[in-house]
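Because only heavy atoms are used, hydrogens play no part in the values below, and waters and symmetry mates are left out as well, while side chains stay in.
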Amino acid sequence: IIMREQLYESTKNDYIECIHSIGDKFSTAMIFGHNPVISETAAWLFPQRLDDMSTCCVLGIEFEISSWKEVAKKGGVMKLNLSPASLKGE
């Protein structure tokens, strides 16, 4: 686990820089954050429209890349979108 305190009060670009800095030996990463910046970052990653992420929302994003440095605008594919409401069946 690597904690990046600079992401607590940050911008979308800070999150993208963090993603680009992930070592290529890792094929999976989990990034946690707060709105509105985490929703802005997620929206930047998807080609389709994405509403603001609700509290406790979890997104799974897949990229066809060989390096984390290749993560680009609208380059992700959403594989998972869970929210507390979706788990309750609402």
Side-chain angles (χ1 to χ4, degrees):
I1 296 174
I2 300 171
M3 295 180 64
R4 302 274 172 96
E5 289 188 28
Q6 70 269 25
L7 293 180
Y8 187 72
E9 291 186 22
S10 61
T11 66
K12 171 187 57 75
N13 288 338
D14 293 325
Y15 274 84
I16 301 306
E17 285 179 24
C18 178
I19 293 168
H20 286 166
S21 73
I22 297 169
D24 292 334
K25 66 181 179 179
F26 300 105
S27 62
T28 304
M30 292 183 78
I31 299 173
F32 299 86
H34 296 278
N35 272 326
V37 177
I38 196 71
S39 288
E40 293 169 6
T41 304
W44 187 86
L45 295 170
F46 296 121
Q48 67 271 25
R49 187 180 188 302
L50 180 69
D51 294 326
D52 281 347
M53 295 170 57
S54 63
T55 301
C56 296
C57 181
V58 177
L59 293 181
I61 307 169
E62 185 174 274
F63 301 96
E64 292 290 329
I65 55 172
S66 57
S67 171
W68 289 101
K69 290 173 181 56
E70 297 173 11
V71 169
K73 184 175 184 177
K74 308 297 182 197
V77 175
M78 187 184 313
K79 294 295 186 173
L80 176 70
N81 187 354
L82 292 176
S83 67
S86 68
L87 295 175
K88 289 181 180 179
E90 296 175 11

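Listed by chain and residue number, Arg4 satisfy the side-chain contact (heavy atoms from CB on, under 4.5 Å) test with Ser21 (two or more places apart in sequence, or in another chain). Residues passing the salt bridge (Lys or Arg N to Asp or Glu O under 4.0 Å) test with Lys79, sequence neighbours excluded: Glu62.
Atoms NZ and CH2, from Lys12 and Trp44 in turn, are 6.0 Å apart once rounded to the nearest 0.5 Å. The CG atom of Leu7 lies 4.5 Å from the SG atom of Cys18; values are rounded to the nearest 0.5 Å. For the atom pair Asn35 CG and Thr55 OG1, the distance stands at 7.0 Å (nearest 0.5 Å). One finds the CD1 atom of Ile61 at 5.0 Å from the CZ atom of Phe63 (value rounded to the nearest 0.5 Å). The line from CZ of Phe46 to OG1 of Thr41 is 11.0 Å long, rounded to the nearest 0.5 Å. For the atom pair CD1 of Ile31 and CD1 of Ile38, the computed distance is 6.5 Å after rounding to the nearest 0.5 Å.
Follow the hydrophobic side-chain contacts under 4.5 Å out from Leu82 and you never reach Val77; the two are in separate clusters. Tracing side-chain contacts under 4.5 Å through hydrophobic residues (I, L, V, M, F, W, Y), one reaches Leu87 starting from Leu80; they form part of the same cluster. Criterion: ILVMFWY side-chain heavy atoms under 4.5 Å apart, direct or through other members. Under it, Phe32 and Val37 are not part of a common hydrophobic cluster. Leu59 and Phe26 fall within a single hydrophobic cluster, where Ile, Leu, Val, Met, Phe, Trp and Tyr side chains are chained together by heavy-atom contacts under 4.5 Å.
With a 6.0 Å radius and a threshold of 12 heavy atoms from other residues, nucleotides or ligands, Glu64 has its CD atom at or below the threshold.
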- Could you walk me through whether Glu40 and Tyr15 pass the side-chain contact (heavy atoms from CB on, under 4.5 Å) test, one step at a time? CA-CA 10 Å; Glu40 293 169 6; Tyr15 274 84; over 6 Å; no
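Under the 3.5 Å distance criterion, the side-chain polar atoms of Ser54 are left unmatched by any main-chain donor or acceptor of Ser83. Judged by distance alone, the side chain of His20 and the main-chain N or O of Val71 form a donor-acceptor pair under 3.5 Å.
Minimum interatomic distance between Trp68 and Asp24 (heavy atoms only, all atoms of both residues): N-OD1, 3.0 Å.
Leu45 is not listed as a side-chain neighbour of Lys74, based on a closest heavy-atom distance of 4.5 Å or more.
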